[in-house]
Amino acid sequence: MNSFLTKVIIRTILRNKKNANTQYSSFVLAKGFRELKINIVRLLKDFVLISLGIGCAAFGLESFLIPNSFIDGGATGISLLINRLTGLPLYALILLINLPFVFMGYKIVNKQFAFKTALAISGLAICVATVHFPEITHDKLLVAVFGGFFLGAGIGLSVRGGAVIDGTEVLAIFLSRKFGTTIGDIIIIINIIIFATASYFLSIETALYSMITYLAASKTLDFVIEGIEEYTGVTIISPHHEEIRQMIINEMGRGVTVYRGKRGHGRNGEIAEFDIIYTVVTRLELNRLNTEIQTIDPNSFVVMSSVKDTKGGMIKKRSLKH
């Protein structure tokens with residue numbers, strides 16, 4: 001390993017792990033090099049995702065929402081509404097309205113998140129100011145649906161890159177911690193205020209179409225963040241646990257995690273030890289798994305829960321079997 005790369009690894013990866021005068025072994029430097037590569041790849045991936053998010057959001061704004069005087073929810077909706085009422089430049093409003101949320105993100109989340117968010121919001125403002133996309137349609141329903149789709153895709157891609165281009169989520173986190181409410185409740189209250197204001201100053205029709213825009217953006221945002229595949233975590237409690245475990249591994253080709261547990265019922269009921277099986281399958285495999293479990297043990301106790309995404313393991317490495 002050359003001396004320049006060694007210095008980079010020591011100053012970026014290993015500087016907080018040992019004293020500056022410590023002599024690092026080849027193994028430690030190799031681990032530092034691997035961590036440096038992972039960080040660089042992650043930063044490049046985040047940059048690409050945030051850039052794509054800025055492009056999608058700007059396209060949704062300029063090709064659909066702005067020409068038709070539609071708004072959205074959140075900080076972007078507030079910017080669009082003020083732009084519509086006062087004529088102030090949208091790019092300046094995006095910067096000014098989101099600025100407090102960037103500072104809030106620095107206090108609530110971390111410095112890296114605030115830095116990425118500041119870059120993403122600045123990038124969106126610059127894109128809106130300098131890049132001009134063509135108007136696609138003036139059909140109100142198409143504008144509401146596809147404007148929301150591209151705006152939601154842009155926000156979702158930015159979130160996957162570790163930033164936000166709409167600061168409402170940061171405000172919702174702050175208020176939920178302060179008042180003990182859920183983040184979803186805060187976002188709903190904020191958007192009710194925005195759309196009520198839009199119906200008063202613009203028109204009820206515009207506010208209703210803007211609500212469709214917000215719904216389309218929200219659904220697209222969820223889709224982009226959670227991904228195409230949907231996973232389900234399945235916990236199986238059965239005296240035939242070994243048969244079920246073998247079925248999941250050999251017939252379905254999925255991995256399992258086995259816990260040791262106790263089963264009992266009633267005040268003086270029987271208590272027995274047995275294995276608890278946990279596995280993660282895709283939505284497409286869930287029906288087959290239930291059928292196989294019913295075949296082995298119709299009285300088994302099965303608990304299912306949604307899993308947004310998975311990393312590692314076998315689920316993404318092996319093809320589906322039906």
Side-chain angles (χ1 to χ4, degrees), residues 8-9 11-16 32 34-62 72-80 89-131 133 148-177 183-184 186-187 190 214 217-218 220-227 308-309 311:
V8 171
I9 294 171
R11 292 179 181 178
T12 58
I13 304 298
L14 303 176
R15 62 180 179 180
N16 296 324
R34 179 176 178 275
E35 188 175 342
L36 180 64
K37 285 198 302 182
I38 292 172
N39 289 340
I40 291 173
V41 170
R42 180 177 58 83
L43 287 173
L44 289 174
K45 180 181 176 182
D46 290 348
F47 174 78
V48 171
L49 288 171
I50 292 172
S51 299
L52 289 173
I54 290 170
C56 283
F59 178 72
L61 288 172
E62 294 197 20
D72 183 36
T76 305
I78 296 172
S79 302
L80 289 166
L90 180 61
Y91 65 87
L93 291 170
I94 290 174
L95 287 173
L96 289 174
I97 291 173
N98 282 291
L99 186 60
F101 301 134
V102 174
F103 179 75
M104 200 176 293
Y106 176 80
K107 293 293 186 181
I108 296 174
V109 187
N110 56 48
K111 181 170 61 176
Q112 185 181 37
F113 170 79
F115 179 72
K116 286 183 179 180
T117 297
L119 289 180
I121 292 170
S122 300
L124 178 61
I126 293 171
C127 193
V128 169
T130 59
V131 182
F133 296 98
F149 171 80
F150 283 105
L151 192 58
I155 296 172
L157 288 169
S158 298
V159 170
R160 296 202 74 155
V164 295
I165 53 178
D166 188 302
T168 313
E169 288 82 3
V170 181
L171 177 62
I173 293 171
F174 172 75
L175 294 177
S176 66
R177 290 181 179 179
I183 295 174
I186 297 295
I187 292 176
I190 293 171
Y214 170 71
S218 298
T220 307
L221 172 63
D222 292 340
F223 178 78
V224 171
I225 293 177
E226 295 179 8
K308 289 188 177 182
D309 201 0
K311 184 177 181 181

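Keep in mind the model is a prediction, meaning the values are calculated, not measured. We use all heavy atoms of the structure for the numbers below, so side chains are in, but hydrogens, waters and symmetry mates are not. Note that the numbering runs from 1 along the sequence shown for the chain.
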Taking every non-hydrogen atom, the tightest pair across Ala118 and Val102 = CB-CG1, 3.9 Å
Evaluate the side chain to side chain contact (heavy atoms under 4.5 Å, CB included) criterion for residues Leu119 and Ile50: first the C-alpha distance (whole Å), next the side-chain angles of each, then the deciding distance (0.1 Å), finally the verdict.
-> CA-CA 9 Å; Leu119 289 180; Ile50 292 172; over 6 Å; no
All heavy atoms of Glu62 vs all of Val128, minimum pair found to be OE2-O, 3.0 Å
Nearest heavy atoms of Ser79 and Ile97, plus distance in Å | OG-CD1, 3.4 Å
Any idea which heavy atoms bring Gly60 and Phe150 closest together, and the distance?
-> CA-CB, 3.8 Å
What one should report as the nearest heavy-atom pair of Ile165 and Ser158 is CG2-OG, 3.6 Å
Could you tell me whether a side-chain N or O of Asn98 sits under 3.5 Å from a main-chain N or O of Phe101, the two making a donor and an acceptor?
-> no
State which residues pass side-chain contact (heavy atoms from CB on, under 4.5 Å) with Thr220; sequence neighbours excluded, sorted by chain then number.
-> Phe149, Ala153, Val224
Residues in side-chain hydrogen bond (donor to acceptor under 3.5 Å, both in side chains) with Thr76, at least two apart?
-> Asp166
From Thr117 atom OG1 to Gln112 atom CD, the distance as rounded to the nearest 0.5 Å = 10.0 Å
Within a strict 4.5 Å, meaning less than it, do heavy atoms of the Leu61 and Leu80 side chains meet?
-> yes
When you look at CZ of Arg34, are more than 12 heavy atoms from neighbouring residues, nucleotides or ligands closer to it than 6.0 Å?
-> no
Would one find more than 12 heavy atoms of other residues, nucleotides or ligands at under 6.0 Å from atom CZ of Phe113?
-> yes
Atom pair CG (Leu52) and CG (Leu49), whose distance is rounded to the nearest 0.5 Å = 6.5 Å
Val164 and Ile155: side chain to side chain contact (heavy atoms under 4.5 Å, CB included), yes or no, with the steps?
-> CA-CA 6 Å; Val164 295; Ile155 296 172; 5.9 Å; no
Is it the case that more than 12 heavy atoms not belonging to Phe59 sit under 6.0 Å from its CZ atom?
-> yes
Interatomic spacing from CD1 in Ile94 to CD1 in Ile78 - rounded to 0.5 Å | 12.0 Å
How long is the span from the CG atom in Asn110 to the NZ atom in Lys116, to the nearest 0.5 Å?
-> 9.0 Å
Between the main-chain N or O of Ala75 and the side-chain N or O of Thr168, is there a donor-acceptor pair closer than 3.5 Å?
-> yes
Could you go through the side chain to side chain contact (heavy atoms under 4.5 Å, CB included) check for Ile54 and Ile126 one step at a time?
-> CA-CA 10 Å; Ile54 290 170; Ile126 293 171; over 6 Å; no
Which atom names give the shortest non-hydrogen contact between Phe133 and Cys127, and what distance separates them?
-> CE1-SG, 4.4 Å
Trace of the side chain to side chain contact (heavy atoms under 4.5 Å, CB included) decision for Leu99 with Leu95 = CA-CA 6 Å; Leu99 186 60; Leu95 287 173; over 6 Å; no
